[in-house]
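Beneath this line is the structure, given in structure tokens, with notes to follow.
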Amino acid sequence: SFAAVGAFVIVLTTALVAGFLWLSSGKYYRKTYDTYQTYLSESVSGLNLNSSVSYRGVEVGRVRAIALAPGNVEQVLVTLDIERGTPVKQDTIATIATQGLTGIALVELTGGHRDSPALEARPGEPFPVIASGPSLYRRLETSVPALLASLNRTSDALNALMDEENRAAVKK
């Protein structure tokens with residue numbers, strides 16, 4: 001009877017492990033991926049291993065590795081696994097984006113016109129390198145000070161225009 005109980009436990013454990021592997025294997029294991037790299041010159045805070053890579057909003061891969069670029073501490077080297085067949089072209093741009101209100105970071109690929117040639121690795125590089133662009137936060141960070149300076153100049157001009165004499169004239 002101990003042999004029957006032992007065999008039952010072994011069969012049940014094997015069935016549970018096989019069922020778990022079968023249910024969890026569909027997302028990444030049935031797809032073929034190509035590896036790309038991109039060099040980002042801004043913070044990748046919030047970006048993690050296995051973060052999503054999306055192409056025009058469609059999830060097409062994941063982040064394989066994140067490291068400081070060799071020989072240049074001002075850049076971050078991000079290695080991406082992208083589904084084979086995704087149209088990564090020479091004019092494709094990689095940026096850091098956030099997903100909805102949660103703030104989860106992902107790599108967003110944009111661009112890639114139909115007539116542009118496919119991106120290929122240059123001699124001496126192990127993988128093709130996707131050009132990077134500034135994230136929305138970086139663009140806001142650079143444009144908001146200019147906007148505030150413009151608003152300040154406009155406010156000063158309005159104050160100069162509305163001196164005591166002009167206010168009295170408008171009041172009459």
Side-chain angles (χ1 to χ4, degrees), residues 33-172:
Y33 292 92
D34 294 323
T35 303
Y36 294 87
Q37 292 181 323
T38 187
Y39 292 90
L40 300 168
S41 58
E42 61 187 279
S43 172
V44 294
S45 178
L47 190 68
N48 299 314
L49 296 179
N50 292 323
S51 289
S52 294
V53 175
S54 64
Y55 185 86
R56 299 181 187 244
V58 177
E59 186 175 336
V60 294
R62 63 184 182 270
V63 174
R64 181 199 293 180
I66 303 170
L68 290 176
N72 187 355
V73 296
E74 295 178 0
Q75 291 185 324
V76 177
L77 173 62
V78 180
T79 305
L80 311 170
D81 285 336
I82 300 174
E83 288 179 26
R84 185 163 287 154
T86 302
V88 179
K89 306 285 187 165
Q90 289 181 357
D91 57 348
T92 299
I93 304 292
T95 58
I96 298 291
T98 55
Q99 194 171 25
L101 297 174
T102 60
I104 297 172
L106 59 95
V107 176
E108 177 73 31
L109 302 177
T110 57
H113 292 26
R114 182 181 321 168
D115 299 332
S116 181
L119 184 65
E120 295 180 4
R122 290 185 226 144
E125 293 180 347
F127 306 112
V129 176
I130 301 172
S132 65
S135 67
L136 174 63
Y137 294 122
R138 175 61 65 102
R139 290 186 304 234
L140 287 175
E141 184 179 37
T142 57
S143 64
V144 166
L147 176 65
L148 291 176
S150 177
L151 285 173
N152 195 16
R153 285 192 302 274
T154 303
S155 174
D156 291 342
L158 283 174
N159 285 337
L161 180 65
M162 295 307 259
D163 61 0
E164 286 294 324
E165 185 180 320
N166 285 339
R167 279 189 288 212
V170 168
K171 191 173 188 179
K172 285 183 183 182

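- Of all heavy-atom pairs between Pro126 and Gln37, the closest is CG-OE1, 4.4 Å.
- Of the possible polar contacts, one joining the Arg56 side chain to the Gly111 backbone as a donor-acceptor pair under 3.5 Å is found.
- Residues that satisfy the side chain to side chain donor-acceptor pair (under 3.5 Å) test with Thr110, not counting sequence neighbours, are absent from this structure.
- In terms of heavy atoms, Tyr36 sits closest to Phe127 at CA-CB, 4.3 Å.
- Interatomic distance, Ile93 CD1 to Thr95 OG1, rounded to the nearest 0.5 Å: 9.0 Å.
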Could you give the side-chain donor-acceptor pairs of residues 144-158 under 3.5 Å, partners two or more places apart or in another chain?
residue: Thr154; atom: OG1; partner: Ser150; partner atom: O; Å: 2.9

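- Residues passing the salt bridge (charged side-chain N to carboxylate O under 4.0 Å, His left out) test with Glu108: none are found, sequence neighbours excluded.
- With sequence neighbours left out, the side-chain contact (heavy atoms from CB on, under 4.5 Å) criterion links Arg84 to Thr32, Asp34.
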Distance-only donor-acceptor pairs under 3.5 Å for side chains of residues 69-77, two or more places apart:
residue: Asn72; atom: OD1; partner: Glu74; partner atom: N; Å: 3.1
residue: Asn72; atom: ND2; partner: Gln75; partner atom: OE1; Å: 3.4

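- Judged by distance alone, with hydrogens and angles left aside, the side-chain atoms of Ser132 form a donor-acceptor pair with the main-chain N or O of Tyr39 at under 3.5 Å.
- When all heavy atoms are compared, the tightest approach of Ser52 to Leu106 is O-CB, 3.3 Å.
- Listed by first and then second residue, the salt bridge (charged side-chain N to carboxylate O under 4.0 Å, His left out) pairs involving residues 109-120 amount to none (not counting sequence neighbours).
- Taken from CG in Leu109 to CG in Leu80, the straight-line distance is 7.0 Å, to the nearest 0.5 Å.
- When all heavy atoms of Leu49 and Arg64 are compared, the pair lying nearest together is CD2-O, 3.2 Å.
- Minimum interatomic distance between Leu119 and Pro128 (heavy atoms only, all atoms of both residues): CG-CB, 3.8 Å.
- With rounding to the nearest 0.5 angstrom, the CD atom of Glu83 is 13.0 Å from the OH atom of Tyr55.
- Smallest separation of non-hydrogen atoms from Ala94 and Leu40: O-CD2, 4.1 Å.
- Scanning for salt bridge (charged side-chain N to carboxylate O under 4.0 Å, His left out) contacts around Arg122 gives Glu125, with sequence neighbours left out.
- Listed by chain and number, the residues in a side-chain contact (heavy atoms from CB on, under 4.5 Å) with Ser51 are Leu47, Asn48, Val63 (sequence neighbours excluded).
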